[in-house]
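Structure first, then comments.
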Amino acid sequence: MDYKRRNGGPFLGGASQSKRGKPAGEWEESPSHFEEELSMFDDVDMEAEEMEGQAGHDVIPVGDLFSADLNPRWRRPHASSLDSSSNTLVFQQIDLDYYLGSYQRPVPGMPGQSQGKVPIIRMFGVTDNGNSVCCHVHGFAPYFYVPAPSGFTADYLGEFKKELNSAVLKDMRSNKDNISITVLAVDITRKESIYGYHGKRSQDFLRITMAMPRLIAPAKRLLEQGLKFGPYPIQSYQAYEANIDFEIRFMVDSDVVGCCWIELPKGNYRLREEKSMGVSLCQYEVDVGWTDLISHPAEGDWQRIAPLRVLSFDIECAGRKGIFPEPDKDPVIQIASMVQRQGETEPFIRTVFTLQSCASIVGSQILCFTQEKQLLQSWAEFLRTVDPDIITGYNIQNFDFPYLLNRAAALKVNLFPYLGRVRGIKSVLRDLNFQSKQMGRRENKTINMEGRVQFDLLQVLLRDYKLRSYTLNAVSFHFLQEQKEDVQHSIITDLQNGNEQTRRRLAVYCLKDAYLPLRLLQKLMCVINYMEMARVTGVPLTYLLSRGQQIKVVSQLLRQAMKQDLVMPVIKTEGGEDYTGATVIEPEKGYYSVPIATLDFSSLYPSIMMAHNLCYTTLLQKGSAEKLGLAPEDFIKTPTGDLFVKSSVRKGLLPEILENLLSARKRAKTELKKETDPFKKQVLDGRQLALKVSANSVYGFTGAQVGKLPCLEISQSVTGFGRQMIEQTKQLVESRYTISNGYQADARVIYGDTDSVMVKLGVGTVRESMDIGKEAAEWVSSHFTPPIKLEFEKVYYPYLLINKKRYAGLYFSSCADTHDKMDCKGIETVRRDNCPLVANLINTCLQRILIDRDPQGAVAHAKEVISDLLCNRIDISQLVITKELTRTAQEYSGKQAHVELAERTQSMCWRTTFPLTHSTTWNSSCPNHSRATTHVVRLSPVSVAKLCSRQMVCFHYFKVFISTLIFRLYL
DNA sequence: TGAGCGACCTAT
DNA sequence: TTAGATAGGTCGCTCA
């Protein structure tokens, strides 16, 4: 399952198709485009390299690789000496974690508990000069709240603390850290629960500070179970904010957001000058008290990004024929690495570590090893020397890193697995099960690498893009119109066992696989967009890759709540009943040869929450209205019967957060318009996108029943208002735009979904439709509470409405004379569970119908395709659905096939089953890849029969589809 | 044969 | 030890 998603075919055994080792001469082709590109880098670099007295493309014997003389670019720029009493230290923080340290050593004079182990926050970052920083932040301890029992006074604090402390101690199964104090402090503080409106009355809460983050959960549990202290009877306490990650707790309290700039004012921090004091590989290592650091909001100059080092790498291993490479048996033969500074366009380090000799490649450095152990050891040392802030690659998280770690363990390369920035912390492989409704169950591996952000491009793509195929090849083609170097997996071992020319060919391939992720990262602006998301939502960069959506809202909610002394209860998660969602207006199906105007509510759900002040803090629980003596004009009743106080009584937190997000987005967009620097433009665009996504995820958070703070009253009220609004919009439009009101025709809303209505205004031109549409949007908006706003968005002309959530049309928005595109929603052309033939056929038919206005042509085309199909004139690689084959193959073939095929299914490649003999050929020709790989699966006669019938089903499906299409349109 | 259900993917 | 929401179309499969 965890093999790299590449274009190469599966290792399904069967030697008939796999290529035997070829003579070296066959590989001596003209240099690929990529090689030319590499050599160009070399030209650019020549000048610099002459200065360094070192040509980049020499084959270097293993020696002192890491000396500054030999490889001057590997190291970070020299760090000038720092005097903490006269120099301020400023850096962009990119990773943040904590560890337990004994406070007295090695840093005296820092705030915090002076006994036992204390949590210390560790921030890693980079200065403007590109120097690395490790900053230990002292004195911040985890805490949570419980409501104080009635009549509680400060006199009881000591007793409470003592009882809780001993209860927690007693609860510990083992006490290997020899903790004697678990509860550091208990204080009385005035707070109010965020959940529900209760007359703005704050009450006494106990703020319980614990010695370590992991003691919070047992303390919370014990308090819930019931604690007895002083004169009070045993009683249970509800915990507040006991489920907040320690990092988030710190960041919220110290106003630090992900990837922000941190300033340590002179005189307020200590530099670890002696090497023995430092624990990290960073150039500057400092200690600071948590209240002494200054966090700069990402505005103006502080929006900039430090020159981060991004390392991309790829490994090759020599598998045995037909067997998936196993790290305890199969060697790592090459590791290609490219290092680029964030913001630059070319990698400044291009290196391949090879096992055995390898001919030189212009533009890159080749390091040859005779011992695999030495190769691994040296690469780890290379990584530590280059000291990247971000590590990327394709499927490195689930393949390359695990393979390297396991291989190093098998070969007993004991110094290998120290890949983080903290000395002595071993990088360990762990299995991680991640499950969500959105993504399904996903089994992942994780490797700890303190201070470095692992940015696996595959994971990013899986998260952010819906693609038909996720192979590096397909992805590169899709985004860059570029492909991998053509080397099949099956021949990698042969290339390795050939000569230095064949190994060179492999090295070029490997280099490109390291280069493509860098290019993709740049093209998709991943680093910038993720940083902006971290800044907007306030979570560490790593959370965005390893965690879900909820943490982002929690972080924002906590920040806003803290300002008003509101605290968040810990809600028991129990899956309740689903609530009603949005309305989809029954479509008047058909083909419309007149313009159809589309009106949309912009940011519907956020604007509903703002307009009606829907929030945890404004929710009136049953009976509260009377108890609090609220007048009817003080609150509203939502369509679902829930009550919320108006903003005149109290302004909700969520509306406030949303207003901030949306106004920040407006600002970013206006700045974007003014900005001329392309790099700053990218940052601003990433920012406005992050702000939009953030605003939209607030509603989902309130409705997430298995979540940190679900509130169905809010979410069902939101959808309730939405349902009411779309109905009302339909009625308003249809009542005003009528013949009796002097318009050309009676308008009809022919379809609508959630926040949009499609209106047939009865006018003949796109222009008229746009004009009336704009006017209608404005007029309808005036019937709703701001900031709810209906906007004219586009005109479809012509428009084909097939069903709910299935339609197509020519899209006019910018100009009334020419259409922007053909827009298809929900139809086979945009779905990924149909084979390309279906998608292509439907697409062509739709073009005939909508663009050429030639329905007969569409029918003719469909008939032609069916006829071609029946007469075997079609490349069947377009036809058969992988999943079906997979299922069948699973039944009849061994485990090996199961694994390979399951992986293949995820990558959604379509391939052929032709000809259908007892040895069925699996042709892994991606639609994007011209050169196919073939492998053979042996199938029983029964399964062949099954496959045949499957094809019949496919034909049948075609006929059904086409006939229904035609039927729907014209009969 | 058709109803009912689950898997999958999309719309918003 | 962690997870945004619901609506809804289409197909394959099972079972009466």
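Proteins get letters first, then strands, A, B, ... in listed order; numbering begins at 1 in each.
Within the 4.0 Å cut-off from OP1 or OP2 of C/dT10, at least one side-chain nitrogen or oxygen of A/Asn803 is found. Between A/Lys825 and B/dT12 there is a side-chain polar atom (N or O) within less than 4.0 angstrom of OP1 or OP2. Taking side-chain N and O atoms only, A/Arg806 has a distance below 4.0 Å to OP1 or OP2 of C/dT10. Here A/Tyr807 reaches the OP1 or OP2 of B/dT12: one of its side-chain N or O atoms lies under 4.0 Å away.
With rounding to whole Å, A/Glu793 atom CD is found 13 Å from B/dA11 atom C1'. Spacing between atom CD1 of A/Ile585 and atom C1' of C/dA7 amounts to 14 Å, rounded to whole angstrom units. Residue A/Tyr796 contributes atom OH, which lies 10 Å from atom P of B/dA11 at whole-angstrom precision. Atom pair A/Ile551:CD1 and C/dT1:P shows a separation of 15 Å (rounding to whole Å applied). Between the OH atom of A/Tyr543 and the P atom of C/dA3 there is a distance of 10 Å, given to the nearest Å. The separation between A/Ile726 atom CD1 and C/dT6 atom P is 18 Å, rounded to whole Å. The separation between A/Lys589 atom NZ and C/dT10 atom C1' is 13 Å, rounded to whole Å. Between the P atom of C/dT1 and the CZ atom of A/Arg214 lies a distance of 12 Å, rounded to the nearest Å.
A/Gly700 comes within 4.0 angstrom of a base, heavy atoms only. Contacts of A/Thr580 with the nucleic acid, taken as non-hydrogen atoms under 4.0 Å apart, involve only primed sugar atoms and P, OP1 or OP2. Residue A/Val830 is in sugar-phosphate contact alone, with no base atom involved, counting any heavy-atom pair closer than 4.0 Å across all strands shown.
A donor-acceptor pair under 3.5 Å is absent between the side-chain atoms of A/Asp95 and the main chain of A/Val453, judged by distance alone. A/Ser546 contributes a side-chain N or O that, together with a main-chain N or O of A/Thr542, makes up a donor-acceptor pair within less than 3.5 Å.
The pair A/Asp753-A/Lys805 meets the salt-bridge criterion, since a charged nitrogen lies less than 4.0 angstrom from a carboxylate oxygen. Between A/Glu727 and A/Arg723, none of the side-chain N atoms (NZ, or NE/NH1/NH2) sits under 4.0 Å from a carboxylate O, so this pair counts as no salt bridge.
Nearest to the side-chain atoms of A/Ala704 among the listed nucleotides B/dA11, C/dG4, C/dA7 stands C/dG4. In the set C/dA3, C/dA5, B/dA11, the nucleotide with an atom closest to the side chain of A/Lys805 is B/dA11. Taking only side-chain atoms of A/Arg831, from C-beta outward, the nucleotide of B/dC8, C/dT2, C/dA5 with the closest atom is B/dC8.
When ring centroids are compared, A/Phe644 and A/His612 stay outside the 6.0 Å threshold. Checked against the 6.0 Å centroid threshold, A/Tyr799 and A/Tyr807 count as a close aromatic pair.
Two residues, A/Lys804 and A/Ser697, neighbour DNA chain C, and the one matched to the more 5' nucleotide by heavy-atom proximity is A/Ser697. The nearest heavy atom of DNA chain C to A/Val584 and to A/Tyr699 marks one nucleotide each, and the one closer to the 5' end goes with A/Tyr699.
Rounded to whole Å, the C1' atom of B/dT12 lies 14 Å from the corresponding atom of C/dG4.
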